[in-house]
Amino acid sequence: MSAKVRVDLHGAPVTMLATLHAKALDAEAPTSILHDTWAVEAVERIDYDWTATSMTRRNAPSVTLRSAYFDGWTRQFLAAHPEAVVVHLGCGLDSRFWRTEPGPGVEWFDIDYPEVADLRRKVYPPAPGNHIIAASVTDPGLLAQIPDDRPTLVLAEGLTMYLTRDDGLRLFGGVVDRFGGGEIQFDAFSRFGIATQWGNAVVRRSGATLSWGVDRPDDILAAVPNTRLLQWVPVFQREVFAPAPPRYRHLAAMLNRVPLLRTVAQFHRYAF
Ligand SMILES: C[S@@+](CC[C@H](N)C(=O)[O-])C[C@H]1O[C@@H](n2cnc3c(N)ncnc32)[C@H](O)[C@@H]1O
């Protein structure tokens, strides 16, 4: 009898199998960017036809460069705030908690739909300071379950595009209202990226539909009071691709010169 965990996911949750698989493939490559050995173990624990994710060693950096970049921002926040609360929205099976090694003063909340949270509990061991909340990030009661007495990092990687604009802005507005201060870090697709989502094999195969496009920081600053821009990084910038092999760096430099493509995906970081 197999001890592997079965998965039965539909829509947006399916996409986190692709990001997980990308991280596992990357970890086994000689040129690994993220070194996510937790992803390798998670993939081994799950009974799934991983070829269905469309991820390969070759395209895995499209995921792992982003994750590595957000790991860097997370580490910076944790270094400045060793007693932080981390709110990891749409976490999927991401192992950022273990990769970034938060200190004992940190309370970390991994949040995703109930079916993903359930899988997470089966795949990863419990750890002190690590909490899993099974909920949609649009659940109006979600933030009230999280302590509001410390500097708070709200992190959403690969999530905002699955939300409607109204839900996304309500979520970020709710974060600013609830927590005393901290940062919101997330990635977004531009409206052009949303309009061309048919070109995204991972999304297409999942059956999910992308909705919210963000073109520039002003889209957030104008709609979420009491936020201040810290960093805005279009994805093909040199600093994102620095850990990638040369052929990816050359491709990124070319794409960075094409106006519509330059901002097709961006990383955002705000203080509140
Ligand atoms: C592309 S995956 C990214 C997963 C993870 N952050 C990573 O980078 O590997 C998108 C994740 O967002 C989650 N998600 C999408 N909409 C959500 C919602 N309304 N509430 C909670 N999670 C959501 C999905 O279930 C999925 O785990």
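From a predicted model like this one, the values you see are computed outputs, not experimental measurements. Start at 1 and go down the list; that is how both ligands and their atoms are numbered.
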Determine the interplanar angle of the His81 and Phe77 rings, folded into 0 to 90°, and report it as parallel if under 30°, tilted if 30 to 60°, perpendicular if over 60°.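 Plane angle between 30° and 60°, so tilted.
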Which atoms of ligand 1 sit under 4.0 Å from any heavy atom of [X]?
{"X": "Gly92", "result": "27 (O)"}
{"X": "Ser136", "result": "18 (C), 19 (N), 20 (N), 21 (C)"}
{"X": "Met16", "result": "2 (S), 4 (C), 26 (C), 27 (O)"}
{"X": "Leu163", "result": "19 (N)"}
{"X": "Ala135", "result": "21 (C)"}
{"X": "Arg66", "result": "8 (O)"}

Salt-bridge contact Asp26-Arg57 (side-chain N to carboxylate O under 4.0 Å):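 Salt bridge flag = no for Arg57 with Asp26.
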Under 4.0 Å between a side-chain nitrogen and a carboxylate oxygen: does that hold for Lys23 and Asp94? yes
Side chain to side chain contact (heavy atoms under 4.5 Å, CB included) for Val240 and Phe267? Distances and angles first, verdict last. CA-CA 10 Å; Val240 178; Phe267 305 156; 3.8 Å; yes
With distance as the sole criterion, is a donor-acceptor pair present between the side chains of Thr164 and Asp166 under 3.5 Å? no
Using distance alone, decide if ligand 1 has a nitrogen or oxygen within less than 3.5 Å of any nitrogen or oxygen in [X].
{"X": "Thr138", "answer": "no"}
{"X": "Glu157", "answer": "yes"}
{"X": "His88", "answer": "no"}
{"X": "Gly90", "answer": "yes"}

What is the nearest protein non-hydrogen atom to [atom], stated with its residue, atom name and distance?
{"atom": "atom 5 (C) of ligand 1", "answer": "Cys91 O, 3.3 Å"}
{"atom": "atom 7 (C) of ligand 1", "answer": "Lys23 NZ, 3.5 Å"}
{"atom": "atom 2 (S) of ligand 1", "answer": "Thr15 OG1, 3.3 Å"}
{"atom": "atom 10 (C) of ligand 1", "answer": "Gly158 O, 3.2 Å"}
{"atom": "atom 24 (C) of ligand 1", "answer": "Asp112 OD1, 3.6 Å"}

Just wondering, more than 12 heavy atoms not from Asp215 lying within 6.0 Å of its CG?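 Yes.
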Just checking Arg204: does its CZ atom have more than 12 heavy atoms from other residues, nucleotides or ligands closer to it than 6.0 angstrom?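 Counting other residues, nucleotides and ligands, CZ of Arg204 exceeds 12 neighbours.
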In residues 146-155, what donor-acceptor pairs under 3.5 Å come from side-chain atoms, sequence neighbours left out?
unit_1 : atom_1 : unit_2 : atom_2 : d
Arg150 : NH1    : Glu83  : O      : 3.2
Arg150 : NH1    : Gly105 : O      : 3.0
Thr152 : OG1    : Arg150 : O      : 2.8

Given Val137, Val14, Leu159, which one has a non-hydrogen atom that is nearest to atom 23 (C) of ligand 1? Leu159
Are His131 and Trp108 an aromatic pair, judged by ring center distance below 6.0 Å? no
Output field: ring centroids Trp98/Tyr124 closer than 6.0 Å: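 Between Tyr124 and Trp98, which both carry aromatic rings, the centre distance is below 6.0 Å.
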Strictly under 4.0 Å, does any heavy atom of Ala156 approach an atom of ligand 1? no
Residue-level breakdown please: for Ala18 versus ligand 1, do any non-hydrogen atoms fall below 4.0 Å on the side chain, on the backbone, on both, or on neither? neither
Could you walk me through whether His250 and Tyr248 pass the side-chain hydrogen bond (donor to acceptor under 3.5 Å, both in side chains) check? CA-CA 5 Å; His250 296 321; Tyr248 293 97; over 6 Å; no
